[in-house]
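Have a look at the structure below, then the notes.
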Amino acid sequence: MRDITERKKAERELAELYAQQRHIALALRLMGASEQIPGARAATRYLPSTQGQGVGGDWLDLIDLGAGRVGVIIGDVMGRGLDAAVVMGQLRSAARALALAGTPPCELIQTLDTFTRGLPEQFVTCTYLEADPALGEVTACSAGHLPVWLVAPDGTVSALPVPTGIPLGVGGVPHQQVRLPLRAGTTLALYTDGLVETPHSDIDAQLDLLTATLREVFATTPDLEDAANRVLHTMLPGTATYADDVTLLLVGFPAAPLDTTTAELAGQPSSVPEGRHFLRRTLRWWGLTALADTALLLVSELLTNAVRHASGPLALRVWYSARELGVEVSDGSTPRPRARLADNAEENGRGLMLVEALADAWGTRPGPTGKTVWFTLLTAAAQTAGAPPRDPARLSG
């Protein structure tokens with residue numbers, strides 16, 4: 001009786017420790033905290049492993065980059081249990097911070113690669129995409145992850161042509177990013193190996209099955225939540241046990257901006273009134289004159305900064321959606337402006353504080369040959385509907 005009692009006590013303690021480790025690992029995932037991104041629809045699924053040490057290192061994230069742009073990341077840390085989950089939590093936090101800072105996909109992946117080499121779990125696959133529906137393009141970089149499937153508006157399914165690259169933590173080989181067209185109505189499907197790798201099937205056959213499933217599902221339903229459920233039911237039929245974590249993300253971009261226009265300006269003082277005139281005429285044409293006073297004041301600040309501190313020609317791009325008006329000024333210089341508190345005796349240095357105070361969101365991002373400074377203003381319809389409050393973390397995203 002004493003032996004049986006001690007054994008039962010030990011089994012109970014082991015079960016409690018396992019449950020505690022599983023709870024901590026699930027908490028580190030923060031899977032339930034994925035934010036809702038304006039202009040994008042998403043459905044996520046995460047099924048933790050029911051074998052071995054339980055939760056592993058799968059993660060995904062959706063990031064509001066501002067100005068209508070969306071960051072999408074998915075990754076998988078080799079290994080299982082709390083150690084893999086801790087590494088996953090570090091990578092997820094690092095990737096989100098880099099994305100919000102406006103880091104381009106290739107540079108973000110390279111930075112994560114360097115970061116991973118100092119971690120105990122050194123084999124990680126990852127894909128990061130930066131979608132810009134206003135421009136109709138997506139920029140992507142992969143570090144050894146499985147292909148991303150693109151479901152076109154007509155229902156055709158194909159792999160997004162992104163170079164696979166090598167996993168994070170290997171080092172020695174640079175990663176590559178590509179810029180691809182992104183049509184309105186497109187849906188992207190991202191996943192980890194738990195969805196397509198099983199002990200008794202060939203992964204190529206499973207990828208073919210996933211392609212056929214996506215084609216069939218999106219031919220009959222536009223609802224992403226229903227589509228995600230049907231994909232899981234087809235890929236993992238009749239089972240409640242999983243040898244590996246299963247992660248699936250479906251993200252759709254249902255609508256392009258209602259309109260967009262661009263003006264090329266010279267890098268000289270006369271471009272400031274010229275840019276204001278272009279914006280005033282555009283807002284009048286679009287019926288957005290209610291936003292004109294604020295928009296004209298803010299674009300004056302951005303153009304003045306570009307003329308004074310940048311080099312080469314300027315590009316003024318304006319777009320609007322049902323939710324917001326976006327204004328972007330691009331130039332050929334790389335230093336990115338920061339809001340600061342000007343001294344009482346200074347004549348300059350208050351422009352970006354004005355932008356910070358009046359815009360609903362603003363930020364900067366690097367470009368292929370310089371940088372872009374942008375701001376957005378919510379339209380009257382969005383203000384009436386009660387748009388979510390702005391996020392201070394997006395100051396320089």
- Task: Can you establish whether the number of heavy atoms outside Glu216 located under 6.0 Å from its atom CD is more than 12?
- Result: no
- Query: Are Ile37 and Leu135 connected, step by step, through hydrophobic side chains (Ile, Leu, Val, Met, Phe, Trp, Tyr) whose heavy atoms are closer than 4.5 Å?
  - Reply: no
- Query: With distance as the sole test, does His175 use its side chain to make a donor-acceptor pair with the main-chain N or O of Ile166 at under 3.5 Å?
  - Reply: yes
- Roughly how far, to the nearest 0.5 Å, is the CZ atom of Arg96 from the CH2 atom of Trp59? 13.0 Å
- Query: Could Arg45 and Glu225 be called an ion pair, given the rule that one side-chain N must be under 4.0 Å from one carboxylate O?
  - Reply: yes
- Query: Does any non-hydrogen side-chain atom of Val77 lie less than 4.5 Å from one of Leu91?
  - Reply: yes
- Task: Check Leu65 against Tyr128 and note the closest heavy-atom contact, atom names and distance.
- Result: CD1-OH, 3.7 Å
- Treating Ile, Leu, Val, Met, Phe, Trp and Tyr as nodes and any side-chain heavy-atom pair under 4.5 angstrom as an edge, say whether Val157 and Leu248 lie in one connected cluster. yes
- Message: Is the shortest side-chain heavy-atom distance between Leu190 and Leu129 below 4.5 Å?
- Response: yes
- Item | In one Ile/Leu/Val/Met/Phe/Trp/Tyr side-chain cluster, 4.5 Å: Leu302, Leu296 | yes
- Among Arg179, Arg69, Arg365, which residue meets the side-chain hydrogen bond (donor to acceptor under 3.5 Å, both in side chains) test with Glu130? Arg69
- Query: Passes side chain to side chain contact (heavy atoms under 4.5 Å, CB included), Leu62 versus Val72? Steps please.
  - Reply: CA-CA 5 Å; Leu62 291 174; Val72 185; 3.8 Å; yes
- Can you tell which of Leu146, Thr247, Asp58 makes a side chain to side chain contact (heavy atoms under 4.5 Å, CB included) with Tyr191? Leu146
- Query: Can any side-chain N or O of Thr103 pair as donor or acceptor with the backbone N or O of Leu98 at less than 3.5 Å?
  - Reply: yes
- Item | Approximate separation, where rounding is to 0.5 Å, of Leu378 CG and Asp360 CG | 3.5 Å
- Task: Answer yes or no: is there a side-chain heavy-atom contact under 4.5 Å between Lys371 and Thr364?
- Result: no
- ring pair (Phe, Tyr, Trp, His ring centres under 6.0 Å): which pairs involve residues 281-303, sequence neighbours left out? Trp286-Tyr320
- Query: Under a 4.5 Å side-chain heavy-atom rule over Ile, Leu, Val, Met, Phe, Trp and Tyr, are Val251 and Leu160 clustered together?
  - Reply: yes
- Query: Which pair of heavy atoms, one from Leu112 and one from Cys126, lies closest together, and at what distance?
  - Reply: CD1-SG, 4.4 Å
- Task: First locate atom CG of Asp208, then atom OG1 of Thr213, and finally report the distance between them rounded to the nearest 0.5 Å.
- Result: 10.5 Å
- Taking the side chain as C-beta and beyond, is there a heavy-atom pair between Phe375 and Leu358 under 4.5 Å? no
- Task: State whether the side chain of Glu301 and the backbone N or O of Leu352 hold a donor-acceptor pair below 3.5 Å, judged by distance alone.
- Result: no
- Item | Pairwise distance CG(Leu298) to CG(Asp293) - rounded to 0.5 angstrom | 11.0 Å
- Report yes or no: does Asp331 contribute a side-chain atom to a donor-acceptor pair with the main-chain N or O of Ala306 at less than 3.5 Å? no
- Task: Could you tell me whether the side chain of Thr125 and the main chain of Gly144 form a donor-acceptor pair under 3.5 Å?
- Result: no
- Message: Please determine whether side chain to side chain contact (heavy atoms under 4.5 Å, CB included) holds for the pair Leu180 and Glu137, giving the CA-CA distance in whole Å, both sets of side-chain angles, and the decisive distance to 0.1 Å.
- Response: CA-CA 5 Å; Leu180 304 165; Glu137 66 182 27; over 6 Å; no
- Query: What is the minimum heavy-atom distance between Ala140 and Val162, and which atoms define it?
  - Reply: CB-CG2, 3.7 Å
- Task: With the side chain counted from C-beta on, respond yes when Leu325 and Leu283 share a heavy-atom pair under 4.5 Å apart, and no when they do not.
- Result: yes
- Task: Any chance you could measure His309, atom NE2, to Ser333, atom OG, to the nearest 0.5 Å?
- Result: 9.5 Å
- Please report the C-alpha distance between Thr220 and Arg230 in whole Å, then the side-chain angles of each, then the deciding distance to 0.1 Å, and finally whether the side-chain hydrogen bond (donor to acceptor under 3.5 Å, both in side chains) criterion is met. CA-CA 11 Å; Thr220 56; Arg230 291 173 59 182; 2.9 Å; yes
- Task: Report the C-alpha distance between Gln206 and Met235 in whole Å, list the side-chain angles of each, state the deciding distance to 0.1 Å, and finish with yes or no for side chain to side chain contact (heavy atoms under 4.5 Å, CB included).
- Result: CA-CA 8 Å; Gln206 289 295 99; Met235 300 301 298; 3.9 Å; yes
- Message: Tell me if a side-chain donor or acceptor on Ser142 pairs with a main-chain N or O of Thr164 at a distance below 3.5 Å.
- Response: yes
- For the residue pair Ile73 and Ala95, what are the closest heavy atoms and their distance? CD1-CB, 3.4 Å
- Item | Least distance between heavy atoms, Phe253 atom then Pro133 atom | CD2-CG, 3.9 Å
- Side-chain contact, heavy-atom cut-off 4.5 Å: Thr234 with Leu210? no
- Between the side chain of Asp113 and the main-chain N/O of Leu168, is any donor-acceptor distance below 3.5 Å? no
- Non-hydrogen side-chain atoms of Pro161 and Val178 separated by less than 4.5 Å: no
- Message: Quick one about Thr221 and Asp223 (side-chain donor to acceptor, distance below 3.5 Å, no hydrogens or angles considered), yes or no?
- Response: no
- How far does CZ of Arg281 sit from CZ of Arg276, to the nearest 0.5 angstrom? 13.5 Å
- Task: Taking the side chain as every heavy atom from C-beta outward, state whether Arg41 and Leu250 have any atom pair closer than 4.5 Å.
- Result: no
- Would a hydrophobic clustering, with Ile, Leu, Val, Met, Phe, Trp and Tyr connected at side-chain separations under 4.5 Å, put Leu316 with Leu314? yes
- Query: Does the pair Arg280 and Thr289 meet the rule for a side chain to side chain contact (heavy atoms under 4.5 Å, CB included), with working shown?
  - Reply: CA-CA 8 Å; Arg280 181 185 293 108; Thr289 54; over 6 Å; no
- Can you name the nearest heavy-atom pair linking Gly102 to Pro366, along with the distance? O-CD, 2.9 Å
